Amino acid sequence: MRWFACVDIGGTKVAVALARAAGAARPEFGPARREPTVRQGEPVALALQVLRLVDAVCAEAGIRRAALAAVGVASAGPFAHQGGALGLVTPNLCGGLSGGQTGLPNDWTFLPLEAPLRAALPEAARLRIENDAIAALEAERRWGALQGRSHCAYVTWSTGVGVGLCVDGRVLHGKHGNAGHAGHQFVNDDASGARCGCGNLGDVEAQVAGGALERRFGRDPAALWAAALEGGDALARAQVEAVCAVMGRMLYNLVVTLDLEAVALGGGVFWPHRDWLLPRLQAQIDAHFPALTAGVRLHPAGLGEQVGQYAAAALVAGAEE
């Protein structure tokens, strides 16, 4: 059986795993490695980190990089093209996009990805790079909570906020593969001075993403949620309720704009608090215009905390069909 490399690039971590038999059935995963996403050095440092991790899992499996049949890369976006090749303009990695106002230790504005990976991979290997939320949407439709759904979305609420969209059975990509960046929409008049890594002031991601909560509220996000949900900290409770309202409005806007039937959610902010968040987010949808929202259901990701790994595998499966 041939090996495939599954790469998950996020604002916090890079994870690489080998997989086999990625098709209609769930893939069989092999060796895996993960480490914090590089944030310093030359812009090509991210691609070099990916290749180093690919080599590490290949060595553990007793194969060489040249033996890979395909590589699926699920990455935080947005994407842009430079010299005809895809790269990243990711607010949670590229410090230059906000003019240094979000504290990232670099002045990056573009991270090359497709060109260095293509140059280093065997000529016969297929390479597919997609936004991580689009890839997770494909995985959830294949193996998770969105099976059988033709009008649906996957939302990752993590270091950033990303969305993968499917309407009439077709996954939406857009002109640059950036369809679904709903985290950069505005849903209220924010007065907190919350600055997004993209440079926007007060967009959804600036208000609710894991990477923004500490900047907004002055405490570690994990401590904020613990204080709000486990203790008697009224201020923390009010802050996370407000965060939940912003995310709920974004979800409502997606539902009524695209006439969705179901949304699956995952990510490092959502997942640990899913039991508390899910009914509150569902209430935001149910409270408005039943003609467009009746019957729409929110679901925790069916693939759970492994959704990122499965997302990259879904890209491999798609390349094989």
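Model, not experiment: these values are computed from the prediction. Hydrogens, waters and symmetry mates play no part in the numbers below; they use all other heavy atoms, side chains included.
Summarising the geometry, atom CH2 belonging to Trp143 is positioned 9.0 Å from atom CD belonging to Glu138; distances are rounded to the nearest 0.5 Å. Annotation: the span from Leu111 atom CG to Cys94 atom SG amounts to 4.0 Å, rounded to 0.5 Å. Note that CZ of Arg126 and CG of Leu121 are 14.0 Å apart. Values are rounded to the nearest 0.5 Å. One distance of note links SG of Cys152 with CG of Leu254; it measures 12.0 Å at 0.5 Å rounding. Atoms CZ and CE, from Phe186 and Met250 in turn, are 14.0 Å apart once rounded to the nearest 0.5 Å. Atoms CG and CG, from Leu260 and Leu258 in turn, are 5.0 Å apart once rounded to the nearest 0.5 Å.
Val38 and Leu93 end up in the same hydrophobic cluster when Ile, Leu, Val, Met, Phe, Trp and Tyr side chains are linked at under 4.5 Å. The hydrophobic cluster containing Val296 also contains Leu251, counting ILVMFWY residues as joined when their side-chain heavy atoms lie under 4.5 angstrom apart, directly or transitively. Linking Ile, Leu, Val, Met, Phe, Trp and Tyr whenever their side-chain heavy atoms come within less than 4.5 Å leaves Leu172 and Tyr154 in two separate clusters. Cluster membership for Leu315 and Leu165, using ILVMFWY side-chain heavy atoms within less than 4.5 angstrom, is not shared. Under a hydrophobic clustering in which Ile, Leu, Val, Met, Phe, Trp and Tyr are joined whenever their side-chain heavy atoms come within less than 4.5 Å, directly or via other members, Leu53 and Leu46 fall into the same cluster.
In this structure the side chain of Leu104 never reaches within 4.5 angstrom of the side chain of Asn92, judged on heavy atoms. Contact of the Trp225 side chain with the Leu277 side chain is registered, since non-hydrogen atoms from C-beta on lie closer than 4.5 Å. Put simply, the side chain of Leu281 reaches to within 4.5 Å of the side chain of Cys244, judged on heavy atoms. Side chains of Thr90 and Trp108 form no contact here, defined as non-hydrogen atoms less than 4.5 Å apart. Put simply, the side chain of Met247 reaches to within 4.5 Å of the side chain of Val161, judged on heavy atoms. Side chains of Val50 and Leu117 form a contact here, defined as non-hydrogen atoms less than 4.5 Å apart. For the pair Pro91 and Pro78, the minimum side-chain heavy-atom distance is below 4.5 Å. Using a 4.5 Å cut-off on side-chain heavy atoms (C-beta onward), Arg280 and Glu241 make contact.
A donor-acceptor pair under 3.5 Å links the side-chain atoms of Trp157 to the main chain of Val208, judged by distance alone. Counting only distance, with no hydrogens or angles, the side chain of Arg216 and the backbone of Gln207 share a donor-acceptor pair below 3.5 Å. Within the 3.5 Å criterion, the main-chain N or O of Gly211 finds a donor-acceptor partner in the side chain of Arg215. The main-chain N or O of Val7 is never found under 3.5 Å from a side-chain atom of Gln309 such that the two would form a donor-acceptor pair. Within the 3.5 Å criterion, the main-chain N or O of His288 finds a donor-acceptor partner in the side chain of Thr293. Checking side-chain atoms of Gln147 against main-chain N and O of Gly144 turns up a donor-acceptor pair under 3.5 Å. Side chain of Asn131 to main chain of Ala133: a donor-acceptor pair is present (N/O by atom type, distance under 3.5 Å, no hydrogens or angles). A donor-acceptor contact shorter than 3.5 Å links the side chain of Arg39 to the backbone of Gly11. The closest donor-acceptor contact from the side chain of His151 to the backbone of Asp259 lies at 3.5 Å or more, if one exists at all. With hydrogens and angles disregarded, a donor-acceptor distance shorter than 3.5 Å links the side chain of His181 to the backbone of Asn178.
Here the closest heavy-atom approach between residue Phe4 and residue Ala69 is recorded as CE2-CB, 3.7 Å. Taking both residues in full, the closest heavy atoms of Arg274 and Pro300 are given as CD-CB, 4.3 Å, listed atom of the first, atom of the second, then distance. Residues Ala264 and Ala301 approach most closely at CB-CA, 4.4 Å, considering heavy atoms. Residues Ala245 and Gln284 share a closest heavy-atom pair of CA-NE2, 3.7 Å. Between Ala227 and Asp233 the shortest heavy-atom distance is O-CB, 3.6 Å. Scanning all heavy atoms of the two residues, the minimum distance from Val54 to Arg65 falls at CG1-CG, 4.3 Å.
The residues Arg297 and Glu261 are annotated as not salt-bridged, no charged nitrogen and carboxylate oxygen being separated by less than 4.0 angstrom. Using a 4.0 Å cut-off between charged side-chain N and carboxylate O, Glu35 and Arg52 make a salt bridge. Under a 4.0 Å N-O distance rule, the pair Arg195/Asp203 does not qualify as a salt bridge. Looking at Lys13 and Asp8, a side-chain N of the basic residue comes within less than 4.0 Å of a carboxylate O on the acidic one, giving a salt bridge. We find that Glu140 and Arg149 are not joined by a salt bridge, their nearest charged nitrogen and carboxylate oxygen being 4.0 Å or further apart.
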Just do the side chain to side chain contact (heavy atoms under 4.5 Å, CB included) check on Ile134 and Val163 with the steps written out, would you?
-> CA-CA 7 Å; Ile134 290 177; Val163 182; over 6 Å; no

Take Leu229 and His273 through the side chain to side chain contact (heavy atoms under 4.5 Å, CB included) test and state the conclusion after the steps.
-> CA-CA 9 Å; Leu229 306 186; His273 315 296; 4.0 Å; yes

Would you sort out whether Glu130 and Arg128 count as a salt bridge (Lys or Arg N to Asp or Glu O under 4.0 Å), showing the intermediate values?
-> CA-CA 7 Å; Glu130 289 279 5; Arg128 185 181 174 198; 3.1 Å; yes

How far apart are the C-alpha atoms of Arg34 and Val16, what are their side-chain angles, what is the distance that settles it, and do they pass the side chain to side chain contact (heavy atoms under 4.5 Å, CB included) test?
-> CA-CA 6 Å; Arg34 61 184 291 163; Val16 177; over 6 Å; no

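Taking a 6.0 Å sphere around CZ of Arg237, one finds it holds more than 12 heavy atoms contributed by other residues, nucleotides or ligands. No more than 12 heavy-atom neighbours from other residues, nucleotides or ligands sit within 6.0 angstrom of CD on Glu42. For CG of Asn253, the number of neighbouring non-hydrogen atoms (other residues, nucleotides, ligands) closer than 6.0 Å is greater than 12. For Arg118, the CZ atom counts as densely surrounded, since its 6.0 Å shell holds more than 12 non-hydrogen atoms of other residues, nucleotides or ligands.
Defined by atom type and a distance below 3.5 Å, a donor-acceptor pair is missing between the side-chain atoms of Asn200 and Glu205. Under the 3.5 Å distance criterion, with hydrogens and angles disregarded, a donor-acceptor pair is assigned to the side chains of Gln282 and Asp286. His81 and Glu114 form no side-chain donor-acceptor contact under 3.5 Å, judged by distance and modelled atom types alone.
Figure legend: Arg26 and Tyr310 shown as a cation-pi pair, the cationic atom lying under 6.0 angstrom from the six-membered ring centre and within 45 degrees of its axis.
Taking the ring centroids of Phe289 and Tyr252, they lie at or beyond the 6.0 Å cut-off.
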